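Quantities reported herein were computed from a predicted structural model and do not represent experimental measurements. The chains referred to below are lettered A, B, ... by the order of the sequence lines, with proteins before strands, and numbering in each begins at 1.
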Amino acid sequence: MELFANTEIVIGKDELAEKVAKGEKLRVKFGVDPTRPDLTFGHMVVFNKLKQFQDAGHEAILLIGDYTARIGDPSGRSELRPELTENEVNQNASTYLEQAFRILDKSKTTVRRNSEWFSKMSFADSLNLTRKMTVARMLERDDFKNRFDSNQPISMVEFMYPLIQGYDSVILNSDIEIGGSDQLFNMLVGRTLQKDMGMNPQGVLTMPLLVGLDGTRKMSKSYDNYIAFNDSAKNIFGKTMSVSDEAMSEFYRLLLNLTDLELGELKNQHPMDVKKKLAFELTAKFFDEVTAQKELDEFSSVFSKGRLPEDMPSFSVTKLNLEKSSVLNILAATDLFQSKGEIRRLILQGAVKLNGTRVEDPECIMTPNDASSDQIIKAGKKIFIRITE
RNA sequence: GGUAGGGUAUCCAAGUGGCUAAAGGAUGCGGACUGUAAAUCCGCCCGCUUCGUGCGUUCGUCGGUUCGAAUCCGACCCCUACCA
């Protein structure tokens, strides 16, 4: 079935298929913890799947783990997450929603927050919940096992996390929960808890994890190897172009829902063209085709042909009002660099060009061009600056 | 509570008195090449800098020994294992 395409593991597939065949409307749960302000393309993999269910007429339930965010999900973690304040969590939660609706259909999405029920729960109730899980089962879990084996700390509160997430499923009475493959354990706990309460246990569907821009680790905010929903068109395009050739097909498959057949066809084309197409599609998804085409042209022009970008920050020498208008001082005054030391290093490494000629001496004085055109400084691959009178 | 091991830069991880701003990875940045902000190769990578054999800060924290400490001593904080 189409709904199970590109998935990794589906548990309870037969029951789900049966319900769907009977025309039942499934309650599909997906939970996100608002721990940071940005959603990444890693999340998009699951959002896409949720959207697919939504389009097929099922109920998409987006659970904002505003309560859980304060605890920290141990999934894929090697250490305890820092605690967040209620305020931070709330702010993140609202930007999450805004971002999520770039994929999901807002009018058809049910949004719930788990603070609705957890903030009212008593300690005795929580303790009762812990009764449902054994230490041995917790330690079966990879994240915990690895940390335990390598003598890393695991806090009690992290042990609670899967139960909390599972309890959400009880409250929401979900028919299926979807998430990244690192969520398998947590989602299974939901299934167990529902069963325990005499409910119909939810199906569990995991999506593969998207690899990050470094090409090795999973895409994650903590590794800073991500593309964010909120990135500019330029960055979505550019960052996508920095994905390695190997990882590219996963991006197509998981972010644009391509089938194996379609992927096979792409293999015959030039990798760079394929990647440009990918970057174009993703940019268009978040903006529009016109913007995407603009970024594509710009990229080809700037990086393939070495031309100047259309927009670049502009600085006036007279306004900067420097004692000595050397390249070093001018660049330092733009605030685009961390320090003069960094600028010197860049110049030393041959990264800085003035009007296309490599700058060798940091102290080289910039003389105003005889009235004619502005001067352009390029520093590294991505920084272009226009200098005017 | 007892015993043993551990806390090093963004991350992982060497280093047991001076030659240590501290090996080696990874990430990141830059250059070359090109097919892209891919791949590969090379370089840089604590911060600042008037670029000077310059200044400042670091090896859990605080104090001590010493001409000199990440390295030795003391106290404290934190992590882990085993025993209870």
Side-chain angles (χ1 to χ4, degrees), chain A residues 41 76-82 139 144-156 158 211-227 231-252 266-283 292 295-307 309 322-324 326-329 331-333 335-353 357-364 377-384:
Chain A
F41 278 27
R77 276 255 134 184
S78 53
E79 57 190 272
L80 192 60
R81 279 181 199 268
L139 284 174
F144 288 139
K145 190 175 183 326
N146 291 341
R147 279 163 68 179
F148 194 71
D149 288 349
S150 61
N151 296 352
Q152 298 284 312
I154 302 170
S155 84
M156 294 297 284
E158 291 179 277
V211 72
L213 297 179
D214 54 43
T216 47
R217 296 177 294 185
K218 73 162 182 169
M219 184 175 284
S220 154
K221 284 168 274 192
S222 24
Y223 297 139
D224 197 25
N225 61 355
Y226 66 99
I227 308 176
D231 272 337
S232 65
K234 189 188 199 62
N235 274 334
I236 289 181
F237 197 98
K239 284 183 182 181
T240 304
M241 288 307 287
S242 80
V243 168
S244 72
D245 288 2
E246 290 72 49
M248 185 167 56
S249 64
E250 280 299 280
F251 276 64
Y252 264 109
L266 289 176
K267 290 243 162 69
N268 302 324
Q269 298 173 32
H270 193 296
M272 187 183 66
D273 294 332
V274 177
K275 203 178 291 175
K276 278 183 176 171
K277 186 171 178 321
L278 174 69
F280 174 88
E281 296 288 347
L282 290 175
T283 310
E295 291 305 333
L296 173 62
D297 294 342
E298 177 93 346
F299 188 91
S300 308
S301 155
V302 173
F303 295 107
S304 306
K305 295 179 187 139
R307 298 206 188 111
L322 301 164
E323 275 181 36
K324 184 183 169 196
S326 64
V327 170
L328 176 72
N329 284 346
L331 289 181
D335 268 349
L336 291 170
F337 304 89
Q338 211 186 340
S339 64
K340 285 193 175 182
E342 190 198 352
I343 298 170
R344 271 176 201 280
R345 197 166 62 240
L346 285 171
I347 292 175
L348 204 70
Q349 296 192 119
V352 177
K353 284 183 180 173
T357 321
R358 185 174 285 182
V359 175
E360 309 277 351
D361 177 14
E363 301 303 332
C364 119
I377 301 181
K378 180 185 182 197
K381 288 175 203 154
K382 291 175 253 176
I383 302 178
F384 292 84

Problem set entry | B:C11 and B:C19, which share atom name C1', separated by this distance in whole Å | 29 Å
Exercise. Looking at the angle O4'-C1'-N9-C4 for a purine or O4'-C1'-N1-C2 for a pyrimidine, is B:G52 syn or anti, with syn meaning within 90° of 0?
Worked result: syn
Exercise. In Watson-Crick or G-U wobble terms, both distances under 3.5 Å, what is the partner of B:A75?
Worked result: B:U61
For this session: Take atom C1' in B:G60 and the same atom in B:C79, then report the distance between them in whole Å.
Result: 11 Å
For this session: Give me the one residue out of A:D224, A:D231, A:D214 that meets salt bridge (charged side-chain N to carboxylate O under 4.0 Å, His left out) with A:K239.
Result: A:D231
For this session: In whole angstrom, give me the gap between the P atoms of B:G30 and B:G47.
Result: 15 Å
For this session: Hunt down the Watson-Crick or G-U wobble partner of B:A70, both distances under 3.5 Å, from any strand shown, or write none.
Result: none
For this session: Can you sort out the partners of A:R307 under salt bridge (Lys or Arg N to Asp or Glu O under 4.0 Å), two or more places apart, ordered by chain and number?
Result: none
For this session: Scan every strand shown for a Watson-Crick or G-U wobble partner of B:C51, both distances under 3.5 Å, and answer none if you come up empty.
Result: none
For this session: Please state the P separation for the pair B:C78 and B:U27 - nearest whole angstrom.
Result: 36 Å
For this session: Return the nucleotide paired to B:A14: Watson-Crick means purine N1 to pyrimidine N3 with N6-O4 or O6-N4, wobble means G-U with N1-O2 and O6-N3, both under 3.5 Å.
Result: none
Seminar exercise, completed: For A:K324, the salt bridge (Lys or Arg N to Asp or Glu O under 4.0 Å) test, sequence neighbours excluded, returns A:E363
Problem set entry | Partner nucleotide, any strand, of B:C29 [Watson-Crick/G-U, under 3.5 Å] | B:G43
Exercise. When you compare B:C42 with B:G24, how far apart are their P atoms, in angstrom units rounded to a whole number?
Worked result: 14 Å
Seminar exercise, completed: When A:L328 and A:A351 are each assigned the nearest nucleotide of RNA chain B, the 5'-most assignment goes to A:A351
For this session: Produce a footprint string for nucleotides 35-48 of chain B: one letter per nucleotide, 5' end first; B if the base is under 4.0 Å from any protein heavy atom, S if only the sugar-phosphate is, - if neither.
Result: BBBB----BS---S
Problem set entry | Side-chain touch A:M219/A:N225, heavy atoms, less than 4.5 angstrom | yes
Exercise. When the distance from CD1 of A:I154 to P of B:C79 is rounded to whole Å, what number comes out?
Worked result: 13 Å
Problem set entry | C1' atoms of B:U53 and B:C59, separation to the nearest Å | 26 Å
Problem set entry | Opposite nucleotide pairing with B:U3, Watson-Crick or G-U, both atom distances under 3.5 Å | B:A81
Exercise. What pairs with A:D245 under salt bridge (Lys or Arg N to Asp or Glu O under 4.0 Å), at least two apart in sequence or on another chain?
Worked result: A:K275
Exercise. Whole Å only: how far is the CG atom of A:N329 from the P atom of B:U50?
Worked result: 8 Å
Exercise. Over how many whole Å does the gap from A:L348 atom CG to B:G31 atom P extend?
Worked result: 13 Å
Exercise. Taking the same atom, P, in B:C77 and in B:A84, what whole-Å distance lies between them?
Worked result: 25 Å
Problem set entry | Ring-face cation contact, A:F237 with A:K276, 6.0 Å cut, 45° max | no
Problem set entry | Distance, rounded to the nearest Å, where A:I343 contributes CD1 and B:C29 contributes P | 17 Å
For this session: Output yes when at least one side-chain N/O atom of A:R358 is less than 4.0 Å from OP1 or OP2 of B:A32, else no.
Result: yes
Problem set entry | C1'-based separation of B:G17 from B:C72 [nearest Å] | 8 Å
Exercise. Who pairs with A:K221 by salt bridge (Lys or Arg N to Asp or Glu O under 4.0 Å), at least two apart in sequence or on another chain?
Worked result: none
For this session: Please identify each residue that fulfils ring pair (Phe, Tyr, Trp, His ring centres under 6.0 Å) with A:Y252, with sequence neighbours left out.
Result: none
Exercise. In whole angstroms, how far is the P atom of B:G52 from the CD atom of A:E363?
Worked result: 10 Å
